[in-house]
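Keep in mind that what you see is a predicted model, and the values were worked out from it rather than measured.
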Amino acid sequence: MNGVARTAVGAAWLRARESERSDRLFDDPYAGAFVAAAGAGQGSGAAGVFGDHLAFRTRFFDDYLRESGCDQVVLPAAGLDSRAYRLAWPAGVRLFELDQPELLAFKDGVLRELGATARCERVPVPVDLREDWPGRLRAAGFDPARPTAWLVEGLLIYLSAAEAGRLLGEIGALSAAGSRLAFEHDRAAAAALIERARTMPALRRVATLWKGGLGEDAVAWLTTRGWRADVVELSALAARYGRPAQGGGFLTAVRGDADHPDSPE
């Protein structure tokens, strides 16, 4: 597997580890199988730096998707998370998973071996996000006229500011009024995480893949492009989840329309 695919396995290892806890924030019964099939393992350093952060992230985004009210869901860089299989979805939900062809082939093979059954209509879209992914998504049956819940999880940090802006702009162009968007948001916390990871031999290789993301105020950036955005700080979730928070947060946004004064002309 390439570097990005290895990070997907690392995230699966952390989800498997969280799922074993008696106070787990979510349960991913497939994560351990992905790690075993990849023949991979992770060190305690990864758990120390990323464990609680990934647990918070997964639980928050799980709840966001289930409560979005959208029956069309798109996961760019879906990785090895198995939300289509492990979450209880409302009837009629269609979930599109975009990722590298080899990663989706590996994922599908493991799930087939397990006899796993998706709990919504799952549509894998093998594509490199540097290519014409909007065209591939449309060809797979995506309807841009319908409100969509987008989840850009754990991806923006691997992109430069220009790349992140282009991706979010492409998402905006495909988003009908009422669409929703979520991703991690805290530039200061991300910078501190990068610096910490670079000092740890087990994580240094992963840290070299990080480019920093959007590089500007994401709320302001989205507001000028027709979204109403809010940030949820991890500290606000700490009491709810019963875990200490190190800092950082998540951004959620709703696509505006003519009835919303913050929509651009």
Minimum heavy-atom separation for Ala77 and Asp99, please, with both atom names.
C-OD2, 3.3 Å

Any heavy-atom pair between the side chains of Leu104 and Gln100 that's under 4.5 Å?
no

Grab the two heavy atoms, one from Pro244 and one from Phe56, that are nearest each other, plus how far apart they are.
O-CZ, 4.0 Å

Donor-acceptor under 3.5 Å (Glu18 side chain, Leu25 main chain)
yes

Would you say Phe26 and Arg15 make side-chain contact, with heavy atoms under 4.5 Å?
yes

Presence of salt bridge, Asp62 and Arg59, under 4.0 angstrom
no

Compare all side-chain heavy atoms of Phe106 with those of Phe34 and state whether any distance is below 4.5 angstrom.
yes

Below 4.5 Å, heavy atoms only, C-beta onward: do Phe183 and Thr252 meet side chain to side chain?
no

Do Trp150 and Ser175 have side-chain atoms, one donor and one acceptor, less than 3.5 Å apart?
yes

For the residue pair Phe142 and Arg94, establish whether any side-chain heavy-atom pair is separated by less than 4.5 Å.
no

Should Arg119 and Tyr85 count as side-chain neighbours, where that means a heavy-atom distance under 4.5 Å?
no

What's the spacing between Glu184 CD and Leu234 CG if we round to 0.5 Å?
9.0 Å

Report yes if some heavy atom in the side chain of Val152 is under 4.5 Å from a heavy atom in the side chain of Ile171; otherwise report no.
yes

Heavy atoms of Thr148 and Ser179 approach each other most closely as N-OG, 3.0 Å

Hey, what do you get for CG (Leu103) to CD (Glu97), rounding to the nearest 0.5 Å?
9.5 Å

Are Asp27 and Arg21 within salt-bridge range, i.e. N to O under 4.0 Å?
no

Salt bridge between Asp28 and Arg83, side-chain N to carboxylate O under 4.0 Å?
no

May I ask you to say whether Arg130 pairs ionically with Glu163, meaning some side-chain N is under 4.0 Å from a carboxylate O?
no

Looking at every heavy atom in both Phe61 and Ala182, which two are closest together, and how far apart are they?
CE2-CB, 3.9 Å

Salt bridge Asp23-Arg243, side-chain N to carboxylate O under 4.0 Å:
yes

How many angstroms lie between CG in Asp71 and CG in Leu95, if you round to the nearest 0.5 Å?
11.5 Å

Gln72 and Pro147 have their tightest heavy-atom pair at CB-O, 3.8 Å

For a quick test of reading the model, state the closest non-hydrogen atom pair linking Ala164 to Leu156 and the distance between them.
CB-CD2, 4.1 Å

Under the side chain to side chain contact (heavy atoms under 4.5 Å, CB included) test, which residues partner Ala16, sequence neighbours left out?
Ala31

Just wondering, do Thr7 and Tyr158 contact through their side chains at under 4.5 Å, heavy atoms?
yes

